[in-house]
Amino acid sequence: MSAKTEVRFKEAEEQKLTILTSIGVIIAVLSWLAYGYPIIVGLLAITAVYLMTGDRYQWVYIWIKTYKRDTIGLRVLLATMFRIWVWERRGVTVVTRWAEVAKMRPDKKAFVMGDRCLTFREGDEFSNRIAWYFRCQGFKTGEVIALFMETQPEYVFIWLGLAKIRVTTALVNTNLRGAQLIHCLKIAACKAVVFGDEMAGAINEIQHEIRDIPLFQFNSPDRHSAPILQGAAPLATELVEMSSDALTDVDPAKPRDTLMYIYTSGTTGFPKAAIITNIRYLLIPLGVHNSGRLTARDVIYDPLPLHHTAGGVLGAGQCLILGCTVVLRKKFSASNYWSDAAKYGCTVSQYIGEICRYLLTVPKGPHDRAHNVKVIVGNGLRPQIWQEFVDRFGVERVLEFYGATEGNSNLVNLDSKMGAIGFLSRLVSSIYPLTLVKCDEITGDILRDENGRCITCGPHEPGLLLGKIDPKKAILTFSGYADKTASEKKMVRNVKVENDCYFNTGDILVMDHYGYFYFKDRTGDTFRWRGENVSTAEVEGVISNLVGLKDTVVYGVTIPNMEGKAGMAAIADPDNKLNLTELAKGLTSALPAYARPLFLRILPEPPLTATFKLKKKELIEQSYNPSLNSDPIYFLDQKTESYVPVSEKLYNDIVQGNVKL
Ligand SMILES: *[C@@H]1O[C@H](CO)[C@@H](O)[C@H](O)[C@H]1NC(C)=O
Ligand SMILES: *[C@@H]1O[C@H](CO)[C@@H](O)[C@H](O)[C@H]1NC(C)=O
C-alpha cells in the first residue's frame, strides 16, 4: 500500500511540476505583453528554476497542498496557547473561570438530561452548598473524595463544589465492582466516597472493606425518597440546610494544582489514576472549542460517561469553561442518538470508540438527517466506515482527534481529511514537538541509532508516537499518575538530545507526505505471521465491514512450533446471521493471505469494555481451544479456503503440527 502511495505521490509531483512550469510561462508571457517588468520576470524565472532543482519542488508541492490547512492549524494552536498563557498568568482555575462564565449567563441551561436541567445559576448555587457541606464535615485542601455516580446534571457540580474548597475529586467508573472498586479508592487515597443512590448496592458489597471511609449518598432529585444505605449520610437532604452563597475565605488554587483524578483503564491490569490539573481541564475543552470553531451558542450532545475525559472534561468542559449548554444522557443509546440531538437542538455531538459503528447498524430512519448537528467531535471513527457515516447522517465536519487523558500528545483533524486522526505541518513540525520514532512493531520496543538516539520515521513508515514533555508550557506537560512509578514507565529519555524527555503514547501511527497521521495499532496488538506484520486494527475494520458492522476483535494466538502468531477473530453474532462462506470469500478478496484470520470465534454477546473498546486479553488467553469455552470456533482450511468447525480432534491435529497451515 505504501509503495502504491509512493507512486501516486511521484505522479502528483510531476503534475505539480507541469503546473509550476505553466504558471512560469504564463507570467513570462503576461509580463512580456505588459512589457514593463523584465527584472521581475527574470527574478521569477530564477526563483522557479531554483525551486525546481533538487528535491525542493517536493516541498513547494507539499506547501501548495497544505498551506491552507496549516494556516488554520497554526491559528488554532496559537489562539489556544495564547489564551492558556494568559489564564495561567492571571492564575485562572476551573473554579474562577466558572465563576465568570456563570455570571455572564445565569439563566441559560447548563446541563440538560431528559426533562431535568440545571441553569448556570442553579449549578453554581448547588456547588456552593456542596462546598459548605464538605467544609462543615471537616474536609481540607488537598484531600481526595471519590465520586461514584451515574451521569446526571448534578454530577459535575459535585466535583466543582469540592474544588471550591480545594478538595480533589476522584471520578470512579460506575461499572467497577468489588476488588477493582476498592483498588481505585485506595490508589487515590480517597478520604470519603460520594455515591449516587443507584450505586448503593455496589458500595454495600465492599462496605466491610472500607469501614474507615465516610460515605455520602446522593439521591437524585427524581428519586429523593430512595432508601439510604446504612452508615451513609443522606447528602441530598442535608444539602438543603446549607447556604447557597459563595465561600469567600478560601485561599485561591493555582492553575497547576490537581483538580481531579480520572482513571485510565490501561492495557494491563488495574486502572491508574491520572492527574488532571486545573490548566489541563481548561486546555482540553478550549482546544476542542477552537478547533471546531464553536461558540457559546452551540449545544453539545454528550451521551458519554462523565467519569472519562471525553465526556467529563472535553464535553462537560464546554459548559463550565466556555458557557455552552451540554445535553447529557444516562447511557449511550444508538437508536436514540440522532432523535435526542434533534429534540434538544444540538449543533455539535460527541462520539468515542465504536459508537459510530453502532450508529450505522441502526436501521435507516427519518432521524438520520433530521438534526442540526454540523460537527461531530471524537476519537476512533474507523477509516473503513468514515465515508458511509458522513454520507448517511449528513454531518459536515468530523473533528477526529487523538489524545490520551494523561498525555501531552494531541492531534486534531481540522479539515475532515478522511481516516486521519490529525496532522502536523511538515514544514514547521519543530514548533509542536510530536515525533514518530521507529520501533519494533511487535513488541513496541524503541529502536536506537549508534549514538543511542531514537530514529525518526519518514512518510509511510509506521512508528511510535512520542510527545515532548516541557513542564514550562502547559500544552506540553505530563502531570502523571497518582502513583509515581507508573508515571516513570510512560517516559522516554534521550530521544533527540541528551536528557530530553518524551511521553510514550504506546500507539503506532503512520504519517503521509502531507503530514496527516493515521492510526495503525496499539503497541503489543500487532502480531507477525509468515514474516509479515499484521495490524489488528486494520483487520478488525475490514472484517467488521464484511459482516455488517458487527463487533469484531482481532488478535494473534500461538500455535506450538510455529513462528509468530496466527490471526484469530472473535465476532459477536447475537442474532445468528453470520454467513461464513461469504465471510471467507470476502476475506480472500479484501486481505492478503497472511492477514486473514486462521481462526474464528463466534461470540453470543459483544465483548465490550466500559470505554467502548473491545476486550482482548481474555480472548487471547482462551485462544482457539474448543474445550476452554462453549463458543463455536472455526479454522480456515487452507485447501478449500473455507471455515470448518474446530473439533477436539482438529484442535489436537493443529497443536501437534498434523495440519498444513
Ligand atoms: C515487521 O516488524 C519488524 C519489527 O518492527 C520489522 O523489523 C520488519 O521490517 C517489519 N516487516 C515488515 C514486512 O514490515
Ligand atoms: C451463504 O452464502 C452463500 C453464498 O453467497 C450461499 O450460497 C449460502 O446459501 C449462504 N448460506 C446461508 C446459510 O445463508
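Remember, predicted model here, so these are calculated numbers, not experimental data. Counting starts at 1 for both ligands and their atoms, following the listed order.
- For atom 5 (O) of ligand 2, the nearest non-hydrogen atom of the protein is Glu582 OE2, 3.1 Å.
- Taking every heavy atom of Cys439 and a limit of under 4.0 angstrom, the matching atoms of ligand 1 come to 5 (O).
- Between Phe423 and the choices Leu411, Asn413, Leu414, the side-chain contact (heavy atoms from CB on, under 4.5 Å) rule is met once, by Leu414.
- Across Trp529 and Gly564, no two heavy atoms sit closer than the pair CE3-C, 4.3 Å.
- A donor-acceptor contact shorter than 3.5 Å links the side chain of Arg369 to the backbone of Arg392.
- Atom 3 (C) of ligand 1 has as its closest protein heavy atom Arg528 NH2, 3.1 Å.
- Taking a cutoff of 4.0 Å between a charged side-chain nitrogen and a carboxylate oxygen, Asp653 and Lys649 qualify as a salt bridge.
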Next on the checklist: One pair to check against ring-ring contact (aromatic ring centres under 6.0 Å, His included): Tyr643 and Tyr634. What are the steps and the verdict?
Outcome noted: CA-CA 6 Å; Tyr643 283 102; Tyr634 295 88; 7.1 Å; no
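- What sits closest to atom 2 (O) of ligand 2 on the protein, heavy atoms only, is Asn579 ND2, 2.3 Å.
- Of all atoms in ligand 1, listed by their number and element, those nearer than 4.0 Å to a heavy atom of Asp440 are 4 (C), 5 (O).
- A salt bridge does not link Glu388 to Arg357: none of the charged nitrogens lies less than 4.0 Å from a carboxylate oxygen.
- Atom numbering of ligand 1 starts at 1 in the shown order; those under 4.0 Å from a heavy atom of Glu532 are 13 (C).
- The only option from Val395, Val390, Asp391 that meets the side-chain contact (heavy atoms from CB on, under 4.5 Å) definition with Phe393 turns out to be Val395.
- At least one N or O atom of Asn533, backbone or side chain, sits closer than 3.5 Å to an N or O atom of ligand 1.
- For atom 14 (O) of ligand 1, a protein heavy-atom neighbour is present inside the 4.0 Å cut-off.
- Distance check for atom 7 (O) of ligand 2: every protein heavy atom is found at 4.0 Å or beyond.
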